[in-house]
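Below: one structure, written as structure tokens.
In this chain, numbering begins with 1 at the start of the sequence shown. Order of appearance sets the numbers: ligands from 1, and atoms from 1 within every ligand.
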Amino acid sequence: MSDLADKVIITVAPTGAWPSKKDNPNVPLTPSEIAADVIACWKAGASVAHLHMRDDEGLGTMDKVKFKETVERIRDNSDIVLNLTTSGDLNATEETRMAHLIELKPELASFDCGSMNWMHSGLFLNPPKFLEKLATVMKENGVKPEIEVFDAGMLYNALYYLKKGFLEAPLHFQFVLGAAGGTAATVENLVYLKSLLPEGATWSALGIGKGHLPVMLSTIALDGHVRVGMEDNVVYAKGQLAESNSQFVERTVRLVKEANKQNATPEEARQLLGLKAAVNA
Ligand code: ZN
């Protein structure tokens with residue numbers, strides 16, 4: 001078996017709930033656009049894809065028909081690990097935030113471990129009863145939670161759920177830094193959050209907007225995993241919109257190699273995260 005210690009999982013988050021074609025005409029929105037983009041990112045070295053869906057007007061939706069079409073297109077053409085959002089629409093019900101997990105059984109799904117104000121759009125509600133139900137549904141369907149942490153309180157909430165048995169070790173965290181309403185995307189904040197992790201946890205991080213590069217570079221230095229893509233950032237470099245999500249993945253692969261590490265394959269990502277084998281392997 002290859003040595004996993006120097007492997008970096010690159011997650012691509014191609015779409016998210018917010019960016020529009022006005023922000024960047026290259027952001028993929030339809031199932032066929034998202035699937036084609038994810039396949040290109042997989043070929044470029046991404047091992048996990050974190051997916052959001054959009055409705056026909058381009059707004060965030062938890063429509064499980066769109067999830068199903070996208071997931072099937074990707075599973076037919078790659079072995080990339082799928083991570084589906086559970087927070088793709090502020091107007092979704094608790095049921096629609098989970099229905100696609102029960103039907104599609106992705107290997108990973110986001111678990112936003114606390115509530116927050118989205119300063120640009122409203123409340124991001126993840127009350128305790130919902131999180132307990134979501135954790136239970138994930139466990140029953142073999143979906144590993146990717147615990148999204150926007151501030152330190154959410155990490156402590158995860159430790160509480162670990163103690164209560166709703167979450168099981170080893171936990172996997174995604175530090176989301178620079179959201180309007182969350183912790184700022186600074187290296188100091190990243191180091192602080194990492195210091196709070198329970199033993200044996202795996203972790204990844206992302207910076208939103210211009211925090212993207214500093215957080216990615218410091219995460220590689222701190223032996224974490226990284227997430228890139230237009231959900232978090234539509235600008236490739238100063239004054240230059242990203243041409244595609246794979247452009248971000250390609251840069252990350254280059255930086256990881258320069259740091260004397262390698263991007264993980266999907267199978268290595270599964271080993272690192274303790275996931276079962278791919279359903280279509
Ligand atoms: Zn997301």
Pair Phe124 and Phe150, ring centroids less than 6.0 Å apart: yes
Gap separating the OG1 atom of Thr252 from the NZ atom of Lys257, nearest 0.5 angstrom: 12.0 Å
Atom of Glu231 closest to the Zn ion (ligand 1), considering N, O or S atoms: OE2
Met154 side, atom CE; Phe175 side, atom CZ - distance, nearest 0.5 Å: 12.5 Å
Minimum-distance N/O/S atom that His52 presents toward the Zn ion (ligand 1): NE2
Validation row: Trp203, Leu190 side chains within 4.5 angstrom (heavy atoms): yes
Metal site the Zn ion (ligand 1): N/O/S of Glu148 inside 2.8 Å: no
Of all N/O/S atoms in His50, the name of the one nearest the Zn ion (ligand 1): NE2
